[in-house]
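Per chain, numbering begins at 1; letters A, B, ... match sequence-line order. For clarity, every value in this text was computed on a predicted model and none was experimentally measured. Computed over heavy atoms, backbone and side chain alike; hydrogens, waters and symmetry mates excluded.
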2 protein chains.
Amino acid sequence: MALKQLPVLRQRGECCVLPAVDVGWAEEAANLMKALADPTRLTMVAALWKAKSPICICDFTADLELSQSTISHHMARLKEAGLVDSEKDSIWTYYRLRHDLAPSTRKLLGQLIA
Amino acid sequence: MALKQLPVLRQRGECCVLPAVDVGWAEEAANLMKALADPTRLTMVAALWKAKSPICICDFTADLELSQSTISHHMARLKEAGLVDSEKDSIWTYYRLRHDLAPSTRKLLGQLIA
DNA sequence: ACAAGGCATCGACGATTGTCGATGGGTTGT
DNA sequence: ACAACCCATCGACAATCGTCGATGCCTTGT
């Protein structure tokens with residue numbers, strides 16, 4: 001006799017084909033997300049986004065209630081992620097968003113912040 | 001005699017005013033970023049984004065090279081972040097992107113994935 | 001020469017995360 | 001009744017993360 005039809009289309013144990021997702025993209029996008037996955041770093045990025053002039057570490061240290069080393073550490077992470085740029089001027093180190101951000105990254109930040 | 005003018009506008013030890021960044025926004029946005037800050041979860045979200053029909057855990061378990069418990073764990077995180085929805089159908093649990101995602105979140109995902 | 005300030009780096013610490021195997025509950029076919 | 005399958009949850013473990021204080025290097029003002 002014929003097998004009884006299941007109420008769903010797919011047989012038990014069979015799995016449908018997933019939409020292809022590029023592994024490289026996932027890796028890269030996850031790195032960007034990780035860089036942004038912290039309130040302090042997000043605040044920094046948003047501040048740099050809004051103030052189109054560079055900001056030094058001492059500015060953030062004064063505003064955010066964290067130690068200078070922590071602030072510096074977070075900024076280093078943003079720099080390592082390719083989001084910010086730094087420039088020394090006498091005793092200060094000024095940070096700004098990189099002017100050569102990938103357009104997609106810039107759009108994403110705009111969507112996130114604005 | 002008058003103090004010598006520094007070559008920069010700001011006096012030593014003084015800090016400029018940072019653009020205001022909402023603390024609540026930073027918290028919330030960071031939570032969203034954390035949910036997306038993993039290649040596996042990003043792959044899942046992208047797959048759900050592209051395939052507009054629900055996908056069950058076994059689909060991901062078959063495709064991604066991770067244990068079933070890990071897949072389930074990641075999906076639970078996405079659900080906790082309010083990104084996905086689940087529905088049981090016989091032995092399967094189907095997941096899909098929440099249809100009531102905040103418009104800003106939806107735009108962000110679109111920008112990130114597409 | 002000296003003191004003071006800005007900053008990066010180091011080492012340490014508890015907290016969180018990603019992963020696994022094991023277990024158990026629920027559903028279906030035999 | 002039983003076996004097979006899907007799935008969520010638990011406990012464990014190593015790895016990473018966020019934070020701090022201490023230290024040392026530059027730069028600048030006295």
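B/Y94 is not listed as a side-chain neighbour of B/K88, based on a closest heavy-atom distance of 4.5 Å or more.
For C/dT19, one of the phosphate oxygens OP1 or OP2 lies less than 4.0 angstrom from a side-chain nitrogen or oxygen of B/H74.
In this structure, of D/dG21, D/dC17, D/dC6, it is D/dC6 that holds the atom nearest to the side chain of B/I91. You'll find that the side chain of A/L66 is closest to D/dT19, out of C/dG18, D/dT19, D/dG18. If you check C/dT28, D/dT19, D/dC20 against the side chain of B/S90, the one that comes closest is C/dT28.
Distance, B/L64 CG to C/dT19 P: 10 Å, rounded to whole Å. Distance B/E80 CD to C/dT17 P: 9 Å, rounded to the nearest Å. Between the C1' atom of D/dC6 and the NZ atom of B/K88 lies a distance of 8 Å, rounded to the nearest Å. Following rounding to the nearest Å, B/K34 (NZ) and D/dC17 (P) show an atom-to-atom distance of 12 Å. Computed from coordinates, the A/R77 CZ to C/dC7 C1' distance equals 19 Å when rounded to whole Å.
Looking only at distances, no side-chain donor or acceptor of B/D89 sits under 3.5 Å from a matching main-chain atom of B/W92.
In terms of the side chain to side chain donor-acceptor pair (under 3.5 Å) criterion, residue partners of A/T70 (sequence neighbours excluded) are, by chain and number, A/S67.
Smallest separation of non-hydrogen atoms from B/R106 and B/H99: NH2-O, 3.5 Å. Here the shortest heavy-atom pairing between A/S86 and A/K79 reads OG-NZ, 2.6 Å. Closest approach of B/A35 and B/L78 over heavy atoms only: O-CD2, 3.8 Å. Closest non-hydrogen pair, A/L42 versus A/L112, comes out as CD2-CD2, 3.8 Å.
Salt-bridge formation is detected for the pair B/R96/B/D85: a Lys NZ or Arg NE/NH1/NH2 atom is positioned less than 4.0 Å from an Asp or Glu carboxylate oxygen.
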Test side-chain contact (heavy atoms from CB on, under 4.5 Å) on A/L48 and A/V84 and set out the steps.
CA-CA 9 Å; A/L48 292 175; A/V84 304; 3.8 Å; yes
Please list, pair by pair, any protein nitrogen or oxygen found under 3.5 Å from a nitrogen or oxygen in nucleotides 8-12 of chain C.
unit_1: C/dA8; atom_1: OP1; unit_2: A/Y95; atom_2: OH; d: 2.5
unit_1: C/dA8; atom_1: OP2; unit_2: A/S72; atom_2: OG; d: 2.2
unit_1: C/dA8; atom_1: N7; unit_2: A/Q68; atom_2: NE2; d: 3.0
unit_1: C/dA8; atom_1: N6; unit_2: A/Q68; atom_2: OE1; d: 3.2

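Where the helix from C/dA1-D/dT30 to C/dT30-D/dA1 starts and where it ends, the local axes point in directions that differ by 10°; five pairs per end, rounded to 10°.
Within the nucleic acid shown, B/I71 has no heavy atom closer than 4.0 Å to any nucleic acid atom.
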